[in-house]
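Written out below as structure tokens is the structure these notes cover.
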Amino acid sequence: MVDPLKNIGIVILAAGKGKRMSASVELPKVLIPLQGQPLLSHLLAHLRGSVVQTTPVVVIAPDLYIIRERIGPICEYAIQESQLGTGHAVLAAKSKLLKYDHVLVLYGDHPLVTERTIDTLTVQHLAQGADLTMATLRLPHFEDWYSFFDCYGRVVRNGKGGIARIVEKKDTRPPEAGLTEVNPGYYLFRASWLWSALPKLSRDNAQGEYYLTDLVSLALKESRLINDIALNDPQEALGINTPEQLAIVERVMQEKLDEHARFHTAKLPL
């Protein structure tokens, strides 16, 4: 059992407005209900059960104060004044995270990442003394429900099996688009390196944004130590951008609840 850790800051990216969810949905994406609770609340519950026991900093847009009102003082909040990408969003939280030695980055619309994965990411990062530790997910293909992940960035590896770079889907060329190892976006950074590296990011890409994923290439250029862990369960990487994806995650969560109920019912004494 790992002792609760106080030297790791948590930043949750939640500035997206969820325009692809539905024109009739007025709530920010992270507040959309899933099994009766906001998406963000599911992630916060998993964090509370993990070894990382610090107050999360939630990055929101200037017009999304409703998130702070609904979630309340269990989190701190940082404002991303302009929507310039994930790297820019993390930088918006810098002033609230300077006291930490390491920074864990998660997404408010990824409700299924488990305590076990957060713990594994954390323990391996600290044990390896890494500057950057990230989760990856290997898939058999992008057919059927795995098509959910086709929009994810591709993990490109070098000849020795190490991570060479992450290529966002919109920036892939045919060989890279065919890769089936993807990036769910769960990172743990050495804070001193993170804050020195973020200002070096460029917006020279298809979306004109500062990609957090570009820190992988930068870390390699600077000969920084990169560590990665493999997710065993693809469901943990599910993020929600569309009503169809929400329906899939709703079904997954219901199946988990049903399985949990069956297990405990089976253990009841006759």
(request) Determine yes or no for a side-chain-to-main-chain donor-acceptor pair under 3.5 angstrom, with Tyr107 supplying the side chain and Tyr186 the backbone. (result) no
(request) Indicate yes or no: does Arg116 engage Asp233 in a salt bridge with an N to O separation below 4.0 Å. (result) no
(message) Looking at Arg224 and Glu222, is there a salt bridge between them, counting it only when a charged N and a carboxylate O are closer than 4.0 Å?
(response) yes
(message) Checking one residue: Tyr211. Which other hydrophobic residues are in its cluster under the side-chain 4.5 Å linking rule?
(response) none
(message) Looking at Ser50 and Val52, would you say the former's side chain and the latter's main chain have a donor-acceptor pair under 3.5 Å?
(response) yes
(request) Please check if the side chain of Tyr152 supplies one atom and the backbone of Ala237 the other of a donor-acceptor pair under 3.5 Å. (result) yes
(message) Closer than 3.5 angstrom, by distance alone: can the side chain of Gln80 be matched with the main-chain N or O of Ala14 as a donor-acceptor pair?
(response) no
(message) Quick check on Asp204: does its CG atom have over 12 non-hydrogen neighbours (other residues, nucleotides or ligands) under 6.0 Å away?
(response) no
(message) Quick one: does any side-chain atom of Glu115 pair with a main-chain N or O of Leu47 as donor and acceptor, under 3.5 Å?
(response) no
(message) I'd like to know if Arg165 pairs up with Glu176 as an ion pair, taking the criterion as any Lys NZ or Arg NE/NH1/NH2 lying under 4.0 Å from an Asp or Glu carboxylate oxygen.
(response) yes
(message) Quick check against the 3.5 Å criterion: does Asp119 have a side-chain atom that pairs as donor or acceptor with the backbone of Val51?
(response) yes
(request) State whether the side chain of Asp144 and the backbone N or O of Tyr146 hold a donor-acceptor pair below 3.5 Å, judged by distance alone. (result) no
(request) Check which hydrophobic residues are tied to Val167 through side-chain heavy-atom contacts below 4.5 Å, counting indirect links as well, and list them. (result) Val156, Leu179
(request) Indicate yes or no for a side-chain donor-acceptor contact from Ser217 to the backbone of Asp214 under 3.5 Å, with no hydrogens or angles considered. (result) no
(message) Given 3.5 Å as the limit, does a donor-acceptor pair link the side chain of Asp171 with the main chain of Ala206, or not?
(response) yes
